[in-house]
Visitor: 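Have a look at the structure that comes next, please.
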Amino acid sequence: MSSRSVIAAKNLTKIYGKKSSAVKALNGIDLEIQRGETVAIIGKSGSGKSTLMHILALLDSQTAGRVEIGGQSTTRLKMRQINRLRNRRFGFVFQQFFMNARDTVLNNVMLPLKIAGVRKSERKRRAMEALEIVELTAKAKMRANDLSGGEKQRVCIARALINNPAIIFADEPTGNLDSATSQAVEDLLFDLNKKKDITLIIVTHDADLAARCDRQLYIKDGKIISNVADDNKGKRAARDENHTFRPGAMRKTVGLSHKRSAGQGGRIL
């Protein structure tokens, strides 16, 4: 295993159901992802791509095999240890937002630090810093439900950043957004990858988004059938440079989302 490896899967298998009704969602996957790498997981519905991401993110457990974080197996960790590891090392950005719609933007962003037991003054300071990165400090006291789709997704990114994660897991992060807002959210994620060396693991159906990543993993019937690395880093770097997030860029797209859905309930630890 490389010294830069942040996460790895060894013979990862996931079976739902029993006996005649058993379905093998993952079938012996081996995978290693390096620090600062951007990886797209691609496949048709039912291929196992979301299951793979959920198990890598310690949101679900495997039937067989193991997940290693920084070279250490997570197989024998207790639930409290898993929760702590997930809270400290990972950030999450999902299509459904998973915010408390009636609570303020600030409180939604502070939630991971509250779970971690960080004192209130420090939670607020770090949350405001994260909101500044995504250009939403002016919306800190607003209810999450009063934001546009693009603003909600930026709140999710701020929340994902608040613990200085090694990895951000993003499941269809632009699925509820129009094309202009999607571009701005993508630019922000890749800019964070470049500036903070955060590993991005993205589940997506979007071929253009996948093409911006260093590597594309194609999943079919629970197996990785293609593991394609970008052989022309120079062209990819130039492409991303043309889409670098710049201060003020988000203000041009705020409110452009055509799906102003209410924030979803639930927690991401």
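Note that the coordinates shown come from a computational prediction; the quantities given were computed from them, not determined experimentally.
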Visitor: CG/L52 to CD/Q62 distance, rounded to the nearest 0.5 angstrom?
Guide: 11.0 Å

Visitor: Test side chain to side chain contact (heavy atoms under 4.5 Å, CB included) on I157 and L192; report intermediate values, then the result.
Guide: CA-CA 10 Å; I157 293 172; L192 290 167; 3.8 Å; yes

Visitor: Here's a test for you: under side-chain hydrogen bond (donor to acceptor under 3.5 Å, both in side chains), which of N193, D191, D197 qualifies with K195?
Guide: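 Of all the options given, the one that passes is D191.
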
Visitor: Over all heavy atoms of both residues, which pair between I55 and S61 is shortest? Give the atoms and the distance, please.
Guide: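 Between these two residues, the closest heavy atoms are CD1-O, 4.1 Å.
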
Visitor: Is it the case that the side chain of R154 and the backbone of V134 share a donor-acceptor pair, with hydrogens and angles ignored and the cut-off at 3.5 Å?
Guide: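 Such a contact is found between R154 side chain and V134 backbone.
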
Visitor: Is there side-chain contact between I201 and I167, with at least one heavy-atom pair below 4.5 Å?
Guide: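 Yes, close enough: below the 4.5 Å cut-off.
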
Visitor: Give every residue pair that meets the salt bridge (Lys or Arg N to Asp or Glu O under 4.0 Å) criterion with at least one member in residues 41-64, sequence neighbours excluded.
Guide: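 Checked against salt bridge (Lys or Arg N to Asp or Glu O under 4.0 Å) - neighbours excluded - the pairs reaching residues 41-64 are K14-D60.
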
Visitor: Pair I225, I219 - check side chain to side chain contact (heavy atoms under 4.5 Å, CB included), show working.
Guide: CA-CA 6 Å; I225 60 170; I219 309 292; over 6 Å; no

Visitor: May I ask whether L188 and M128 are part of the same hydrophobic cluster, defined by side-chain heavy atoms of I, L, V, M, F, W, Y residues being less than 4.5 angstrom apart, directly or through others?
Guide: yes

Visitor: How are the rings of F94 and F98 set relative to one another: parallel (under 30°), tilted (30 to 60°) or perpendicular (over 60°)?
Guide: perpendicular

Visitor: Taking only Lys NZ, Arg NE, NH1 and NH2, and the carboxylate oxygens of Asp or Glu, determine whether E129 and R126 approach each other closer than 4.0 Å.
Guide: no

Visitor: Using atom types as modelled and distance alone, determine if a side-chain donor or acceptor of E122 lies under 3.5 Å from a backbone N or O of R119.
Guide: no

Visitor: Whether R66 and E68 form a salt bridge (side-chain N of Lys/Arg under 4.0 Å from carboxylate O of Asp/Glu) is what I want to check.
Guide: yes

Visitor: Compute whether any side-chain donor of one residue and acceptor of the other, for N83 and R86, lie under 3.5 angstrom apart.
Guide: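 Note: N83 and R86 side chains meet the donor-acceptor criterion.
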
Visitor: On a heavy-atom basis, which atom in T104 and which in A140 lie closest, and how many Å separate them?
Guide: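 So the minimum-distance heavy-atom pair works out to CB-O, 3.7 Å.
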
Visitor: Where do S50 and D171 come nearest, in terms of heavy atoms and distance?
Guide: OG-OD2, 3.6 Å

Visitor: Is there a side-chain contact between L177 and Q153 in this structure, where contact means two heavy atoms from C-beta onward sitting under 4.5 Å apart?
Guide: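 Heavy-atom side-chain distance check passes, below 4.5 Å.
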
Visitor: Check the side chains of Q34 and E32 for a donor-acceptor pair under 3.5 angstrom, ignoring hydrogens and angles.
Guide: yes

Visitor: Distance check, rounded to the nearest 0.5 Å: R80 atom CZ versus I82 atom CD1?
Guide: 13.0 Å

Visitor: Can you find a pair of side-chain heavy atoms, one from N107 and one from N100, that are under 4.5 Å apart?
Guide: no

Visitor: Specify the closest pair of heavy atoms between D206 and T204, including all atoms of both residues, with the distance to one decimal.
Guide: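 Answer, listing the atom of D206 first, then T204: N-OG1, 2.8 Å.
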
Visitor: Check this for me, if you would: do D187 and R212 make a salt bridge, where the nitrogen-to-carboxylate-oxygen distance has to be below 4.0 angstrom?
Guide: yes

Visitor: Is there a side-chain contact between L59 and F90 (heavy atoms, below 4.5 Å)?
Guide: no

Visitor: Less than 4.5 Å apart, side chain to side chain, heavy atoms only: is that true for R102 and N145?
Guide: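 No; the side chains remain at least 4.5 Å from each other.
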
Visitor: Indicate whether the side chain of T38 and that of D214 have a donor and an acceptor atom separated by less than 3.5 Å.
Guide: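 Indeed, the side chains of T38 and D214 share at least one donor-acceptor pair under 3.5 Å.
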
Visitor: Are N11 and I29 close enough that some pair of their side-chain heavy atoms sits under 4.5 Å apart?
Guide: no

Visitor: Same cluster for L12 and I15 if Ile/Leu/Val/Met/Phe/Trp/Tyr side chains link at under 4.5 Å?
Guide: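 Not linked; separate clusters.
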
Visitor: For G150 and T181, which heavy atoms make the closest approach, and how far apart are they?
Guide: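 Taking G150 first and T181 second, the nearest heavy atoms are CA-CG2, 3.4 Å.
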
Visitor: Between P165 and G91, what is the shortest heavy-atom contact and its length?
Guide: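 Distance-wise, the nearest heavy atoms are CB-N, 3.6 Å.
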
Visitor: Measure the spacing between CG of L113 and CZ of R159 and express it to the nearest 0.5 Å.
Guide: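 One finds 12.0 Å between CG of L113 and CZ of R159.
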
Visitor: Y218 versus I224: any side-chain heavy-atom pair under 4.5 Å?
Guide: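 In short, these two side chains do not touch, never coming nearer than 4.5 Å.
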
Visitor: F169 and L200: side chain to side chain contact (heavy atoms under 4.5 Å, CB included), yes or no, with the steps?
Guide: CA-CA 6 Å; F169 292 93; L200 296 180; over 6 Å; no

Visitor: With rounding to the nearest 0.5 Å, note down the distance linking OG in S148 to CG in N176.
Guide: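 Spacing of OG (S148) from CG (N176) equals 12.0 Å.
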
Visitor: Can you find a heavy atom in the side chain of V6 that is under 4.5 Å from one in the side chain of T199?
Guide: yes

Visitor: Under a 3.5 Å cutoff, is there a donor and acceptor pairing between the side chains of N163 and N87?
Guide: yes

Visitor: Look up atom OG in S182 and atom CD in E172, then write down how far apart they are to the nearest 0.5 Å.
Guide: 10.5 Å

Visitor: Please name all residues satisfying side-chain hydrogen bond (donor to acceptor under 3.5 Å, both in side chains) with S45, sequence neighbours left out, ordered by chain then number.
Guide: none

Visitor: To the nearest 0.5 angstrom, please state how far the CG atom of L189 sits from the CD1 atom of I202.
Guide: 6.0 Å

Visitor: Does the side chain to side chain contact (heavy atoms under 4.5 Å, CB included) test come out yes or no for I7 and L56, once each step is laid out?
Guide: CA-CA 8 Å; I7 192 165; L56 290 176; 3.9 Å; yes

Visitor: Return each pair, listed once, that meets side-chain hydrogen bond (donor to acceptor under 3.5 Å, both in side chains) where at least one residue sits in residues 17-30; pairs must be two or more places apart or across chains.
Guide: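 Checked against side-chain hydrogen bond (donor to acceptor under 3.5 Å, both in side chains) - neighbours excluded - no pair reaches residues 17-30.
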
Visitor: Do other residues, nucleotides or ligands put more than 12 heavy atoms under 6.0 Å from E132 CD?
Guide: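 No.
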
